[in-house]
Amino acid sequence: MPSNKSVSDAPIAQFRNCRILRDHTLHREDLWVRQGKVLNPEKLFFDEKGSADLQVDCHGLIIAPGFIDTQLNGGFGVDFSLESSDVKRGVLLVSKNILSHGVTSFCPTLVTSPSSVYHKVLPQISVRDGGPEGAGVLGVHLEGPYISREKKGAHPERCLRSFSERGFPDLLDTYGTLENVSIVTLAPEMERSKEVIKELVQRGICVSLGHSVANLSQAEDAVTHGASFITHLFNAMLPFHHRDPGIVGLLTSDQIPKGKTVYYGMIADGIHTNPAALRIAHRAHPKGLVLVTDAITAMGLGPGKHTLGQQEILIEGLNAYVAGTHTLAGSIATMDMCVRHFREATGCTVEEALEAASLHPAQVLGIEDHKGTLDFGADAGTATKA
């Protein structure tokens, strides 16, 4: 029976013989889709008297919300932190290639760079929906240059900056624009950071704490002023200490404002974080864990020399180092690899592993009403098979 066209002329697709992730549980039921949205089958059947125009047998596969990568520096030969007159082309190339790894939305990430790079690159990256041609862009993640010199990691020290003189206007001068920016990583111990955090949050930008020597009290103050995310937990921050656990202590802090969740990124590539550390973080605060790749130009390519912004990077096996050092410089892992490694390392459920790469990053960005789930009305174009 053809579908009823009283509501829409668009075809209705029915995915059957599958398990779908909904409400934190895998259910054996069909998924109905029209015009990129998940349909409520009861309304379809009883209100519209509709049925499927296309049926897809999934042969028992899982259908999960599409993965969301909030920290992706580039890949497949593209470096988002390099000046170019055709940044859009590079973003589209990465968008297309990460689809096969389950990523349907992402935040192109720029590492610490000269101000001229931000002024050249940022105007060329726009928020856009995804589709068959590639993953959607959820806004830019600016990781630096307002970070600690002691915990700069692979970020070039000569490009680090401070907003101690004028506060937020200093930051705005450096970046040139905050349009289409969704996340800013900064070190909360920096002078005037509280006022900068408040201003960013008022503009709808997620503030993430990272590359920092902040103690727990400074981190808690930052959260009180609006910060809600931690950039690659354990990496580029003070190590956990029993008398002052630093930023890591936010996972179990009793000073988090009521009703607020602090989320934290984890690079589960088997290199950046020991499996024991993954297990500790997950068991301490499972609902806040967000898988990120922190992938660089070399993702999808072979060993050799590549770039990460102003730095030359050497790939040895699965390791990415700043050339001539043993400083890790992002990863070459794909998100599906991170999901599998996270599940194996922690022993978590399939549902937990999938939500760490879908629901949780959507919650970080405040878009869980239409991404990161397969609830009725959610974006079905973000679904992925597993």
Side-chain angles (χ1 to χ4, degrees), residues 67-101 103-147 154-156 158-161 171-186 200 203-206 208 231 292-301 305-313 315 320 329-332 334-335 361 365 367:
F67 299 151
I68 299 171
D69 196 348
T70 59
Q71 190 173 2
L72 180 60
N73 307 291
F76 312 99
V78 175
D79 183 348
F80 298 138
S81 298
L82 284 183
E83 283 192 57
S84 168
S85 59
D86 196 7
V87 174
K88 183 177 179 180
R89 182 171 176 271
V91 172
L92 288 173
L93 177 64
V94 174
S95 297
K96 179 179 180 181
N97 281 286
I98 58 178
L99 273 182
S100 62
H101 299 287
V103 178
T104 55
S105 302
F106 73 110
C107 296
T109 302
L110 272 66
V111 297
T112 295
S113 302
S115 183
S116 60
V117 171
Y118 299 117
H119 285 243
K120 179 85 170 180
V121 172
L122 289 179
Q124 298 185 64
I125 304 178
S126 300
V127 173
R128 64 171 181 79
D129 293 332
E133 74 287 348
V137 176
L138 299 175
V140 177
H141 180 167
L142 297 173
E143 187 187 3
Y146 299 101
I147 59 174
H155 292 236
R158 67 185 182 279
C159 296
L160 299 182
R161 300 175 77 96
L171 177 144
L172 199 54
D173 285 349
T174 296
Y175 294 141
T177 179
L178 289 172
E179 189 175 354
N180 294 312
V181 171
S182 58
I183 303 174
V184 171
T185 291
L186 55 78
L200 288 169
R203 291 170 179 248
I205 295 171
C206 169
S208 190
T231 297
V292 300
T293 63
D294 197 19
I296 64 170
T297 319
M299 178 178 65
L301 304 178
K305 291 184 178 180
H306 302 275
T307 64
L308 177 59
Q310 308 301 303
Q311 305 278 52
E312 185 177 69
I313 307 301
I315 305 301
S331 81
I332 58 173
T334 56
M335 185 60 83
L365 297 171
I367 56 174

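When reading the values below, keep in mind they use all heavy atoms of this one structure, side chains included, and skip hydrogens, waters and symmetry mates. Not measured: the values here are computed from a predicted model.
Counting heavy atoms from C-beta on, the side chains of L72 and I98 come closer than 4.5 Å. Within the 4.5 Å cutoff, no side-chain heavy atoms of L142 are placed close to those of I205. In this structure the side chain of T297 never reaches within 4.5 angstrom of the side chain of I313, judged on heavy atoms. Looking at L110 and L122, their side chains come closer than 4.5 Å, going by heavy atoms from C-beta outward. Side-chain contact between I183 and T231: absent, with no pair of heavy atoms (C-beta onward) separated by less than 4.5 Å.
The salt bridge (charged side-chain N to carboxylate O under 4.0 Å, His left out) pairs that include a residue from residues 172-184 are R166-D173, where partners are two or more places apart or lie in different chains. Sorted by first and then second residue, the ring pair (Phe, Tyr, Trp, His ring centres under 6.0 Å) pairs with a member in residues 73-100 form an empty list; sequence neighbours excluded. Residue pairs meeting the side chain to side chain donor-acceptor pair (under 3.5 Å) criterion with at least one partner in residues 87-99, sequence neighbours excluded, are S95-R128.
In terms of heavy atoms, V94 sits closest to G75 at CG2-O, 3.5 Å. A pairwise comparison of heavy atoms in M299 and G74 identifies CE-O, 3.7 Å as the closest pair. Nearest heavy atoms, E83 versus S116: OE2-OG, 3.4 Å. The heavy-atom pair separating Q310 from P156 by the smallest distance is CB-CG, 4.0 Å. When all heavy atoms of P132 and L99 are compared, the closest pair comes out as O-CD1, 3.7 Å. Of all non-hydrogen atoms in F67 and H101, the two that sit nearest each other are CD1-O, 3.6 Å.
Not a single salt bridge (Lys or Arg N to Asp or Glu O under 4.0 Å) links D129 to another residue, sequence neighbours left out. In terms of the ring pair (Phe, Tyr, Trp, His ring centres under 6.0 Å) criterion, H306 has no residue partners (sequence neighbours excluded). Listed by chain and number, the residues in a side-chain contact (heavy atoms from CB on, under 4.5 Å) with I367 are L138, A362, L365, H370, K371 (sequence neighbours excluded).
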Next item on the list: Could you go through the side chain to side chain contact (heavy atoms under 4.5 Å, CB included) check for T334 and V103 one step at a time?
Entry: CA-CA 9 Å; T334 56; V103 178; over 6 Å; no
Next item on the list: Report the C-alpha separation of L200 and L171 in whole Å, then their side-chain angles, then the decisive distance to 0.1 Å, and conclude whether the side chain to side chain contact (heavy atoms under 4.5 Å, CB included) test is met.
Entry: CA-CA 10 Å; L200 288 169; L171 177 144; 4.2 Å; yes
Note to self: Checking I125 against N180 for the side chain to side chain contact (heavy atoms under 4.5 Å, CB included) test, could you report, in this order, the C-alpha distance in whole Å, the side-chain angles of both residues, the deciding distance, and whether it holds?
What the structure shows: CA-CA 7 Å; I125 304 178; N180 294 312; 5.8 Å; no
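Using modelled atom types and a 3.5 Å distance limit, the side chains of N73 and D294 yield a donor-acceptor pair.
Without hydrogens or angle criteria, H119 side chain to T177 main chain gives no donor-acceptor distance under 3.5 Å. With Y175 contributing its side chain and Y118 its backbone, the two residues share no donor-acceptor pair below 3.5 Å. Checked by atom type and distance alone, the side chain of Q124 pairs as donor or acceptor with a backbone atom of S84 at under 3.5 Å. Checked by atom type and distance alone, the side chain of S81 never pairs as donor or acceptor with a backbone atom of D79 at under 3.5 Å. In this structure a side-chain-to-backbone donor-acceptor pair under 3.5 Å is missing from T112 to C159.
We find the SG-CG distance between C107 and D69 to be 8.0 Å, quoted to the nearest 0.5 Å. Summarising the geometry, atom CG belonging to L82 is positioned 4.0 Å from atom OG1 belonging to T307; distances are rounded to the nearest 0.5 Å. For the atom pair CZ of R203 and CG of L178, the computed distance is 6.0 Å after rounding to the nearest 0.5 Å. To the nearest 0.5 angstrom, H141 atom NE2 is 5.5 Å from Q71 atom CD. If you take OG on S113 and CZ on R161, they are separated by 11.0 Å, rounding to the nearest 0.5 Å.
Partner of F106 under the side chain to side chain contact (heavy atoms under 4.5 Å, CB included) criterion, chosen from V292, V137, I68: V137.
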